[in-house]
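This report refers to the structure that appears directly beneath it.
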Protein chains: 2
Amino acid sequence: MADLDSVDRQLVDLLQRQGQTSYSDLAKAVGLAVSSVTERVRKLSERGVLLGVHGQAAPEALGLDLLAFVFVSWSDPAVADAFLTRIGAEPAVQEAHHVTGQWNYLLKVRVTTTRMLEAFLTNVIKGVPGIERTETLIVLSSAKETTYLPVVAPAWYG
Amino acid sequence: MADLDSVDRQLVDLLQRQGQTSYSDLAKAVGLAVSSVTERVRKLSERGVLLGVHGQAAPEALGLDLLAFVFVSWSDPAVADAFLTRIGAEPAVQEAHHVTGQWNYLLKVRVTTTRMLEAFLTNVIKGVPGIERTETLIVLSSAKETTYLPVVAPAWYG
DNA sequence: TGCAATGCCGAAAATTATACGGCATATAGG
DNA sequence: CCTATATGCCGTATAATTTTCGGCATTGCA
């Protein structure tokens, strides 16, 4: 299905770093003609390797000064559906992961203030019937935060 | 500093969703001329509201089938520098957050297999002198994962 | 050997980005 | 009150880019 050659990988690498790189620049970088690169990129999208291009905004510039990870748990399996529906419609929730361990889900949440975080926990999370416990970790600073995915294996892994 | 009007917010919204939206489309959407939108977007970048545009790749298409969150802790404060330097150079680490609670850092890590996760913990994390404990949560599935930041306050928060 | 599929190429045409001068409105200082 | 300055918007001309097409070489396969 996947099976990307080195040119494909290079294109994915470049487009992850600079989503608006022109086809002529891409062509120069990989040593192919513009039309060949166009076709490659089109197929990468078609195959689902490239999912889209997104502008990256600064959270603080939008007033989103508070980042938190929220663990959530419940006992009744029927809660999952309602929870995911509610969470899916909530822009404050950037990520929702089903995780191993003592908790059901781990959420990545962005809000403006602790007051807004409180409102989120009260109105959104505990607004879903059946949710029993939560635990919130506040992010003091983010040393690294990227969406870049490596296209080559690291040195420490043969 | 920030102070975005409704047009700015709309532009940030649109560009987050579709980073390659043409200026003519943006102009149509916000009801301004192309040159006005060009200027607006340029200033949003200049002001640091828009940080860049990035292609989004499918982790599984790159063989990155395993997502994990890794908590890390140490006692000696001097460890932080070495840890962050090591982590910063590691593409497998997508995020590194300094968090409240019993752990020092929370990492978001993407690898191909459990075998590679083991190599990461052994060679990278424990390769940093002074690191004492880690705890790893495996992500079974991700119900939501987006980089989109809300540009308007939610209904549950006045 | 012949056939089909694939990837690549260059060029033409359509679309888009960029740069510029001009215009209207708002603001501050005299 | 009035002038000077700044800001935001506009349309247009030019440059650059995207998109599309037919053709060519290579590969795999019957």
- Message: Among residues at least two apart in sequence or on other chains, which ones pass side chain to side chain donor-acceptor pair (under 3.5 Å) with Glu46(B)?
- Response: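 Per chain and number, Glu46(B) pairs via side chain to side chain donor-acceptor pair (under 3.5 Å) with Arg42(B).
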With distance as the sole criterion, is a donor-acceptor pair present between the side chains of [X] and [Y] under 3.5 Å?
| X | Y | value |
| --- | --- | --- |
| Gln16(B) | His54(A) | no |
| Asn123(B) | Tyr157(A) | no |
| His97(B) | Ser142(A) | yes |
| Ser75(B) | Glu132(B) | yes |

Using whole Å, report how far [atom1] of [X] lies from [atom2] of [N].
| X | N | atom1 | atom2 | value |
| --- | --- | --- | --- | --- |
| Glu39(A) | dG22(D) | CD | C1' | 14 Å |
| Asp8(A) | dG7(C) | CG | C1' | 11 Å |
| Leu15(A) | dT18(D) | CG | C1' | 14 Å |
| Leu32(B) | dT7(D) | CG | P | 18 Å |
| Asp5(A) | dC8(C) | CG | P | 8 Å |
| Arg42(B) | dA19(C) | CZ | C1' | 12 Å |

- Item | Side-chain N or O of Lys43(A) closer than 4.0 Å to phosphate OP1/OP2 of dT6(C) |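 Answer no for this pair, as no side-chain N or O of Lys43(A) is under 4.0 Å from OP1 or OP2.
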- Would you give a per-nucleotide map of nucleotides 13-18 of chain C, 5' to 3', where B means the base has a protein non-hydrogen atom under 4.0 Å away, S means only the sugar-phosphate does, and - means neither? ---SSB
- Query: Does the ring centre of Phe83(B) sit less than 6.0 Å away from the ring centre of Tyr105(B)?
  - Reply: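 Under 6.0 Å, so yes.
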- Message: Using five pairs at each end of the helix from dT1(C)-dA30(D) to dG30(C)-dC1(D) to define an axis, what is the angle between those two axes, to 10°?
- Response: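 What I find for the helix from dT1(C)-dA30(D) to dG30(C)-dC1(D) is an axis angle of 30°.
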- Treat each ILVMFWY residue as a node, draw an edge where side-chain heavy atoms are under 4.5 Å apart, and state whether Val151(A) and Val30(A) are in one component.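 Yes; Val30(A) is reachable from Val151(A) via cluster members.
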- Task: State yes or no: do Val70(B) and Val79(B) share one hydrophobic cluster built from I, L, V, M, F, W and Y residues joined by side-chain heavy-atom distances below 4.5 Å, directly or via other members?
- Result: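 Val70(B) clusters together with Val79(B).
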